[in-house]
Amino acid sequence: MKHVCLCQILILLLVGATALASTLQVQVRSTPLREMPSFLSGVIMEIHYGQPVEVLAVQKDWQRVQVLGTRTIGWVHGSALTDRKIELASGDALSGRVSADELALAGKGFSPEVEAAFRAENQTLDYQALDRMEKIKIRPEESAFFLEVGGIEPRGGVK
Amino acid sequence: MKKRVFFFCLCLGFLWGCKTMGVVSEVGSTVGVASGAITESQAAAIKRSSAALAKSFEDITPEQEYYIGRSVGAVVLSSYSVWENDQATLYVNLLGQTLARYARNPESFRGYAFLILDSDEINAFAAPSGFIFITRGMLRLCSNETELAAVLAHEIAHVSEKHGLKAIKRSRLTSALTTMAVEGAGAFAGGHLADLTQAFGESISDITGVLMNNGYSRAFESQADLGAVDILRACGYDPSGLVNMLTVMDQRLKPGAPDFASTHPSPQSRISELNQAGIQEKSLPSHPVRNARFREALEGV
């Protein structure tokens, strides 16, 4: 009897683990869904923070995913995805049953509200340069061109 | 036999439970119950999630890392002004953001970005989430693109390895996570923002203290040097650029100056570690396009 129980628990654990492993969420503000596993490949669409995706295949650092609830399939860099649950109810009260991971990811931690409060207490700090700085975006094609004309050849090809 | 397997599983479960039962749940529930903020059952709910809490100590989410990085950057910029030179800033970003694509974590919450500080100090700072600052003094030490790539790759490696976040004292996160857990239990309507902001401010001070005053541990610096070598190799730059750069620094850094010398191990010791990893100083072949763009972008530095 004990043995049967143990088996059941193990099966449940395994099923749970598989289900978790195949569905991931975007953990960066936004990331391109690409046609091929390369930063240089064409962009199908931008996917945003919290978007759930189902993993279909993995190739080195890249994951081939299907945007959940759609038929759209493409490649995303693995570092843009997480297997922890992201709740988008930022600002709403969460029920006592959610896990701490969910709390951490629900904007309940260091968030825009916390930054605003910190800025109010430290009014000499200047965020304008930061705002400007984070807008400087080098596109993958620009990187590829920069490397090519500079005679730089990445090991394993241009990313 | 069956009994033995069952006993083994039981032990394993017990050990696992011990390992993940963090100090946070104790703090969270004890403080909460004592202050009357939460009930016993809510405290139990917090205890149940202790495993996840303990884990998130080491594992701040990219979004939170981004807000920490912004404020660390703002503190750095309160001590230094920005060198307003679009041409040079664009060039450093072209090189830096290209290198970052070859880091272990190329996707931060809003991407890597680079800014030049208007200072003669020989210095560079990497704030979490990819806000990287380099002084004009440091740029002047670089005699070609490969050497500049080496400096930027070292800073990118600090970000990618999350060294900034690891500088935050555990106690800050304990209090932040306790606040979050108590709030999550639905009983902490007011005051949590103030608590979180305090923990946030203290976390920022922990990081800026290390970046600007105390320096990272020797282990983190050598990890960043070896990480830089990986990035340079993957991207196609000669990692010898790093050894060349450190040799120049060894000649120029003045002991006791409030710059790179005070926050980093001696260039000599870093060079010998790199030598052990098979990377030697060498004169790099010159490339007409690379030399031209490097000189043109940084001519006013």
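Predicted model, so just to flag it, every value in this text is computed and none were measured. Convention: sequence-line order gives letters A, B, ...; per-chain numbering from 1.
- With a 4.5 Å cut-off on non-hydrogen atoms, B:V75 touches chain A through its backbone and its side chain both.
- B:E107 has its side chain within reach of A:F39: a pair of non-hydrogen atoms, C-beta onward, lies under 4.5 Å apart.
- Neither the backbone nor the side chain of A:Q128 comes within less than 4.5 Å of any heavy atom of chain B.
- Interface remark: B:T146 contributes no atoms to any contact with chain A (heavy atom separation under 4.5 Å).
- Atom CD1 of A:I152 is separated from atom OH of B:Y237 by 4.5 Å, given to the nearest 0.5 angstrom.
- For the atom pair OG of A:S111 and CD of B:E63, the computed distance is 7.5 Å after rounding to the nearest 0.5 Å.
- For B:L115, the parts lying under 4.5 angstrom from a heavy atom of chain A are both the backbone and the side chain.
- Per-residue counts of heavy-atom pairs under 4.5 Å with chain B were compared for A:D131, A:L125, A:L130, A:L147; the largest is that of A:L130.
- Within the structure, every pair that satisfies the salt bridge (charged side-chain N to carboxylate O under 4.0 Å, His left out) test and touches residues 81-91 of chain B, not counting sequence neighbours, is listed here: A:R132-B:E84.
- For chain B, the option among A:M133, A:E121, A:K137, A:R155 with the highest count of heavy-atom pairs below 4.5 Å is A:M133.
- Across all their heavy atoms, A:I138 and B:N93 have their closest contact at CG1-O, 3.5 Å.
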Quiz prompt | From CA spacing to verdict: side-chain hydrogen bond (donor to acceptor under 3.5 Å, both in side chains), A:Q27, B:T61 | solution = CA-CA 8 Å; A:Q27 63 171 348; B:T61 67; over 6 Å; no
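- Between the side chain of B:Q97 and the main chain of A:I136, a donor-acceptor pair closer than 3.5 Å is present.
- Ring to ring, B:F109 and A:Y49 are close: their centroids are under 6.0 angstrom apart.
- For the residue pair A:S143 and B:R101, the shortest heavy atom distance occurs at OG-NE, 3.1 Å.
- Residue contact with chain A, scored on non-hydrogen atoms closer than 4.5 Å, is absent for B:L232.
- When heavy atoms are compared at a cutoff of 4.5 Å, B:L94 approaches chain A by way of both its backbone and its side chain.
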Quiz item: A:F145 and B:T98: side chain to side chain contact (heavy atoms under 4.5 Å, CB included), yes or no, with the steps?
Solution: CA-CA 10 Å; A:F145 184 73; B:T98 300; over 6 Å; no
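- Only the side chain of B:I204 comes within less than 4.5 Å of a heavy atom of chain A; its backbone N, CA, C and O stay farther away.
- Of the listed residues (B:P288, B:A292, B:S71, B:G69), the one with the most heavy-atom contacts under 4.5 Å to chain A is B:S71.
- Of the listed residues (A:T31, A:D126, A:N122), the one with the most heavy-atom contacts under 4.5 Å to chain B is A:T31.
- Ranked by heavy-atom pairs shorter than 4.5 Å toward chain A, the options B:A113, B:C235, B:S78 are led by B:C235.
- At distances below 3.5 Å, at least one donor-acceptor pair connects side-chain atoms of B:R293 with backbone N or O atoms of A:F146.
- Applying the side chain to side chain donor-acceptor pair (under 3.5 Å) test to B:E155 and every residue at least two apart in sequence or in another chain returns nothing.
- Heavy atoms closer than 4.5 Å to chain A are found in the side chain of B:Y66, but not in its backbone.
- Atom CZ of A:R29 sits in a sparse spot, with 12 or fewer heavy atoms from other residues, nucleotides or ligands closer than 6.0 Å.
- When heavy atoms are compared at a cutoff of 4.5 Å, B:E145 approaches chain A solely by way of its side chain, counted from C-beta outward.
- Judged by distance alone, the side chain of A:E153 and the main-chain N or O of B:G236 form no donor-acceptor pair under 3.5 Å.
- For a heavy-atom cut-off of 4.5 Å, chain B lies close to A:H77, A:S79, A:A80 in residues 59-80 of chain A.
- Contact of B:T197 with chain A is made through backbone and side chain together, with heavy-atom distances under 4.5 Å.
- Each of A:E142, A:E134, A:K135 has some count of heavy-atom pairs under 4.5 Å with chain B, and the biggest count is that of A:E134.
- Between B:R70 and A:R119 the shortest side-chain heavy-atom distance falls below 4.5 Å.
- Applying the salt bridge (Lys or Arg N to Asp or Glu O under 4.0 Å) test to B:D118 and every residue at least two apart in sequence or in another chain returns B:R136.
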